[in-house]
There are 2 protein chains.
Amino acid sequence: MSIASDLIRGHTDTIILAHLTREDSYGYKINKEIQMDTDNQYELKEATLYTAFRRLEGAGYICSYWGDENTGARRRYYSITAEGRQAYRQLKKEWEEAKYLIDILIKSKEEREDQNGR
Amino acid sequence: MSIASDLIRGHTDTIILAHLTREDSYGYKINKEIQMDTDNQYELKEATLYTAFRRLEGAGYICSYWGDENTGARRRYYSITAEGRQAYRQLKKEWEEAKYLIDILIKSKEEREDQNGR
DNA sequence: TATATATACCTTGACAGGCGATGTATAATA
DNA sequence: TATTATACATCGCCTGTCAAGGTATATATA
C-alpha cells in the first residue's frame with residue numbers, strides 16, 4: 001500500500017458499490033480485487049471495509065445474505081439495491097466535480113501566472 | 001458550496017500551500033480566492049482554515065507574521081518555507097497518483113466488462 | 001503431529017480532520 | 001445607529017479510518 005488513505009477517504013463507499021454493480025460479492029473478494037486492480041498500491045483495511053458495509057446497509061444501498069458454501073470459511077454476500085445504483089451514479093458524478101475542482105485548487109499560483117502569460 | 005467536503009478532505013493543506021507558492025498571503029484572502037477560483041462551488045470553513053494553518057506551521061511548512069496595516073482588521077500573513085515547497089510538490093504528486101487509482105477503483109465492473117469486450 | 005498460512009468474518013477504542021457555534025475587533029456603509 | 005465586510009481564533013462534536021484483537025475453517029509445510 002503506497003497511497004495516503006486520506007486521499008481515498010470519502011470514496012470507500014463508491015468503490016464498494018462499483019464492485020457490486022455487476023454481481024453480488026463479499027468482503028474478502030472485493031478487497032483482493034482492489035489490490036489486484038491497483039497493483040497492490042491500495043487496499044481497504046478490514047475495519048474500514050466492514051464498517052463501510054454496515055454503513056451502506058444502513059443506508060439501504062446494499063443488502064446481505066450468507067453464502068451456502070459447504071467448504072471453507074463462511075461468506076457474507078452483498079447485493080446492491082436500486083437506491084444503491086442511484087447513489088453510485090451520484091457519487092461518480094460528485095467525483096468528477098471534485099476532481100475538476102481539486103485540480104484547479106492545488107495548482108500552484110506561480111504556474112497559473114505563467115498560464116495567463118503575465 | 002456544492003461539493004462534499006469528505007472528497008476534499010486531505011487536500012486542504014495542499015490547497016493552502018498552493019496559494020503561498022507565489023507570495024505571502026493571509027487566511028481571509030486565500031479563502032476568498034478559493035471561492036472565486038471555483039465559482040463559489042467551494043470554500044474552506046473558517047475553523048478548517050485556521051486549524052490547517054496551525055497544523056502547517058507546526059509541521060514547519062509555513063511561518064507567520066502580523067501585517068503592518070494601519071487600517072482595517074489585523075492580518076496574519078503566512079509564508080511558505082523550503083520544506084513547505086518540498087511538501088507541496090510531494091502532495092501534488094500524491095494527488096496525481098490518487099486520482100489515477102480512484103478513477104480505476106470507482107469504475108463500474110459492468111463498464112469494465114464492456115471495455116474488455118467480454 | 002504441530003505450525004503456519006490463506007480464507008473469511010467481526011468489534012472496540014483511539015485518532016485526526018472537518019466544522020457548527022461562538023467570540024473578538026476594526027472599518028465602512030446604509 | 002445598525003448592519004455588513006473584513007479578519008482572526010477556539011471549543012466541542014461528528015465521522016471515517018485503522019491498529020489491535022478476536023473467531024473459525026481448510027490447506028500446506030516442517
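In the text below, chain A, chain B and the rest are named by the order of the sequence lines, each starting its count at 1.
- Trp66(A) places its CH2 atom 16 Å from the P atom of dT23(D), with the value rounded to the nearest Å.
- Remark: side-chain polar atoms of Tyr61(B) are not paired, donor with acceptor, to backbone N or O of Arg55(B) under 3.5 angstrom.
- Aromatic ring orientation, Tyr77(A) versus Tyr65(A): parallel (interplanar angle below 30°, classes split at 30° and 60°).
- Going from atom CZ of Phe53(B) over to atom P of dA7(D) covers 13 Å, rounded to whole Å.
- When heavy atoms are screened at a 4.0 angstrom cut-off, Arg74(B) is found touching the sugar-phosphate backbone but no base atom.
- Nearest nucleotide to the Ala47(B) side chain, out of dC11(D), dA7(D), dA8(C): dC11(D).
- Between the CG atom of Asn31(A) and the C1' atom of dA8(C) there is a distance of 12 Å, given to the nearest Å.
- Computed from coordinates, the Glu69(B) CD to dA7(D) C1' distance equals 10 Å when rounded to whole Å.
- Set against dA21(C), dA7(D), dC9(C), the side chain of Tyr26(A) has dC9(C) as its closest nucleotide.
- For Thr12(B), a side-chain nitrogen or oxygen approaches OP1 or OP2 of dG18(C) to under 4.0 Å.
- Leu49(A) has its CG atom 11 Å from the P atom of dC18(D), to the nearest Å.
- Residues Asn70(A) and Arg76(B) each lie close to DNA chain D; by heavy-atom proximity, the contact nearer the 5' end of the strand is made by Arg76(B).
- Look at CG on Leu44(B): it is 15 Å from P on dA9(D), rounded to the nearest Å.
- The closest side-chain donor-acceptor pair between Gln86(A) and Gln90(A), if any, does not fall under 3.5 angstrom.
- Nearest nucleotide to the side chain of Arg75(B), out of dC8(D), dC18(D), dA8(C): dC8(D).
- Of the side-chain N and O atoms in Tyr28(A), one or more sit less than 4.0 angstrom from OP1 or OP2 of dT7(C).
- Using a distance-only test at 3.5 Å, with no hydrogens or angles considered, no donor-acceptor pair links the side chain of Glu33(A) to the main chain of His19(A).
- The nearest whole Å value for the distance from the CG atom in Leu56(A) to the P atom in dT17(D) is 10 Å.
- On a pure distance criterion of 3.5 Å, no polar donor-acceptor pair joins the side chain of Glu46(B) and the base of dC19(C).
- Nearest-nucleotide mapping onto DNA chain C: of Lys32(A) and Arg9(A), the residue sitting toward the 5' end is Lys32(A).
- In terms of position along DNA chain D, the nucleotide closest to Gly72(B) lies nearer the 5' end than the nucleotide closest to the other residue of the pair Thr71(A) and Gly72(B).
- Comparing dC8(D), dT17(D), dC18(D) by their closest approach to the side chain of Arg55(A) singles out dT17(D).
- Ring pair Tyr78(B)/Phe53(B) is parallel by interplanar angle, where below 30° counts as parallel and above 60° as perpendicular.
- A straight line from CD of Glu43(B) to C1' of dC19(C) spans 11 Å, rounded to a whole angstrom.
- A donor-acceptor pair under 3.5 Å is absent between the side-chain atoms of Arg74(B) and the main chain of Glu69(B), judged by distance alone.
- Set against dC8(D), dC19(C), dC18(D), the side chain of Thr48(A) has dC18(D) as its closest nucleotide.
- Residue Thr51(A) is in base contact, counting any heavy-atom pair closer than 4.0 Å across all strands shown.
- The phosphate of dA9(D) has neither OP1 nor OP2 within less than 4.0 Å of any side-chain N or O from Tyr50(B).
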